[in-house]
S.K.: 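Pasting a structure below so you can have a look.
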Amino acid sequence: MEDRTRYTTKELTAATWPDFQRLFRRPGEWGACWCIYYQRKKPPPSAGMTLEQRAERNRRDKKAMVKSGRSHGILVYDAGEPVGWCQYGEKDEAPRIDASRKYKALDVEPVGGRLWRISCFSVDRKYRKMGVAKTGLSAALESIKRQGGGTVEAYPVTRRGALATWFGTVSMFEERGFKVVSPFGRSNVLMRKKVVPAR
Ligand SMILES: CC(C)(COP(=O)(O)OP(=O)(O)OC[C@H]1O[C@@H](n2cnc3c(N)ncnc32)[C@H](O)[C@@H]1OP(=O)(O)O)[C@@H](O)C(=O)NCCC(=O)NCCS
């Protein structure tokens with residue numbers, strides 16, 4: 001069994017931005033994403049732009065969001081090296097989710113009070129299935145608790161081989177007390193959990 005105590009975590013801030021950059025610059029890992037996809041209501045025009053140009057625009061925009069406190073997430077480290085990432089944030093930090101067909105089609109109770117989202121995981125290929133995503137998720141939930149708590153939503157995949165693995169897997173949320181609220185498209189479910197604020 002993997003020893004999870006070896007990992008450490010940090011919030012993404014202007015100070016840890018260089019670590020986020022190191023993780024997202026790994027060649028061939030994340031394309032142009034920079035974990036900004038759900039943070040924009042609509043994709044910006046990109047006709048005629050190369051992958052490198054789109055990546056650079058996303059990197060720059062993400063950095064500006066982090067600097068102004070509009071982007072949250074947890075970096076997971078092994079011996080000082082960033083190896084994984086869990087993005088979380090309040091509803092307004094991931095407007096693309098509200099804009100999606102799957103989200104608009106949901107027939108669920110609206111959430112009263114603060115709504116948070118766990119919108120993405122990215123784990124270095126060499127570190128997968130070694131507890132990195134779970135470590136990031138636990139730290140994100142602790143952070144939400146410290147920031148006043150509320151309802152936390154997630155959209156994990158229900159089957160192996162599904163495309164959107166960046167949403168995480170059902171078991172990791174179940175283990176942390178999330179309950180399935182509704183199907184979310186064909187391969188995902190909407191899960192929720194109430195996080196009580198820290199005293
Ligand atoms: C999916 C992903 C986040 C899992 O991270 P991880 O650190 O390997 O996960 P963990 O080791 O913490 O395990 C989490 C759970 O999910 C399961 N799991 C891991 N990878 C899985 C997969 N591909 N499909 C289904 N289940 C998976 C694990 O078995 C574990 O469940 P268990 O407790 O029941 O055994 C990781 O594979 C990843 O980063 N994938 C790429 C996502 C991506 O493309 N992100 C960027 C988008 S631009």
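One-based numbering along the sequence shown. Everything numeric here is computed off the predicted structure, so don't read it as measured data. Each ligand, and each atom within it, is numbered from 1 in the order the structure gives.
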S.K.: Pairs in or reaching into residues 144-154: which pass side-chain hydrogen bond (donor to acceptor under 3.5 Å, both in side chains), with residues at least two apart or in two chains?
M.R.: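 Listed by first then second residue: Y88-Q147, Y103-E153, S143-Q147, E153-Y155, E153-R192.
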
S.K.: Report yes if T169 has an N/O atom closer than 3.5 Å to an N/O atom of ligand 1; otherwise report no.
M.R.: yes

S.K.: For C86 and V76: C-alpha separation, side-chain torsions, deciding distance, then whether side chain to side chain contact (heavy atoms under 4.5 Å, CB included) applies.
M.R.: CA-CA 8 Å; C86 169; V76 181; 6.0 Å; no

S.K.: So if I count the atoms of ligand 1 from 1 in the order they appear, which ones are less than 4.0 Å from some heavy atom of V132?
M.R.: 7 (O), 12 (O)

S.K.: Does any N or O of ligand 1 fall below 3.5 Å from an N or O anywhere on S171, backbone included?
M.R.: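 By distance alone, the answer is yes.
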
S.K.: With atoms numbered from 1 as shown, which atoms in ligand 1 lie under 4.0 angstrom from a non-hydrogen atom of M130?
M.R.: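 Within the 4.0 Å cut-off of M130, ligand 1 contributes 11 (O).
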
S.K.: Take the angle between the ring planes of F20 and W34 and call it parallel below 30°, perpendicular above 60°, tilted in between.
M.R.: tilted

S.K.: Between R117 and E93 (salt bridge meaning N to carboxylate O under 4.0 Å), is one present in this structure?
M.R.: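 No, no charged N to carboxylate O under 4.0 Å.
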
S.K.: I'd like to check which ligand 1 atoms, numbered from 1 as shown, lie under 4.0 Å from a non-hydrogen atom of C33.
M.R.: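 The list of qualifying atoms is 48 (S).
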
S.K.: Do any N/O atoms on F121 end up under 3.5 angstrom from N/O atoms on ligand 1?
M.R.: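 Indeed, backbone or side chain, F121 has an N or O that close.
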
S.K.: For K134, which part has a heavy atom under 4.0 Å from ligand 1: side chain, backbone, both, or neither?
M.R.: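 It is both parts that get close, each with some atom under 4.0 Å.
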
S.K.: Kindly confirm or rule out an N or O of W166 lying under 3.5 angstrom from an N or O of ligand 1.
M.R.: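 No.
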
S.K.: Please test Y38 against F167 for ring pair (Phe, Tyr, Trp, His ring centres under 6.0 Å), starting from the C-alpha separation and ending with a verdict.
M.R.: CA-CA 11 Å; Y38 293 109; F167 280 130; 5.4 Å; yes

S.K.: Under 3.5 Å between any N/O of V123 and any N/O of ligand 1: does that happen in this structure?
M.R.: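 Yes, since at least one N or O of V123 sits under 3.5 Å from an N or O of ligand 1.
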
S.K.: Is the Lys NZ or Arg CZ of K193 less than 6.0 Å from the centre of F173's six-membered ring, within 45° of the axis?
M.R.: no

S.K.: Mind listing the closest non-hydrogen atom pair of Q53 and M49 along with its distance?
M.R.: OE1-CA, 3.2 Å

S.K.: With sequence neighbours left out, write down each residue that passes salt bridge (Lys or Arg N to Asp or Glu O under 4.0 Å) with R26, or none if nothing qualifies.
M.R.: E81, D124

S.K.: Checking side-chain polar atoms at under 3.5 Å, does K63 have a donor or acceptor matched by the opposite partner on Q21?
M.R.: no

S.K.: Look at atom 4 (C) of ligand 1 and find which of G136, A133, A164 reaches it with the closest heavy atom.
M.R.: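 Result: the heavy atom closest to atom 4 (C) of ligand 1 is in A133.
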
S.K.: Under 4.0 Å from a heavy atom of T165: which atoms of ligand 1 are those, numbered in the order shown and with their elements?
M.R.: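 In order of number, 1 (C), 40 (N), 41 (C), 42 (C).
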
S.K.: With nothing but distance in play, are any N or O atoms of Y127 less than 3.5 Å from an N or O of ligand 1?
M.R.: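 Y127 vs ligand 1: no N/O contact under 3.5 Å.
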
S.K.: Need the ligand 1 atom indices (1-based, order shown) with element for anything under 4.0 Å from a heavy-atom of G131.
M.R.: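 Close to G131: 10 (P), 11 (O), 12 (O).
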
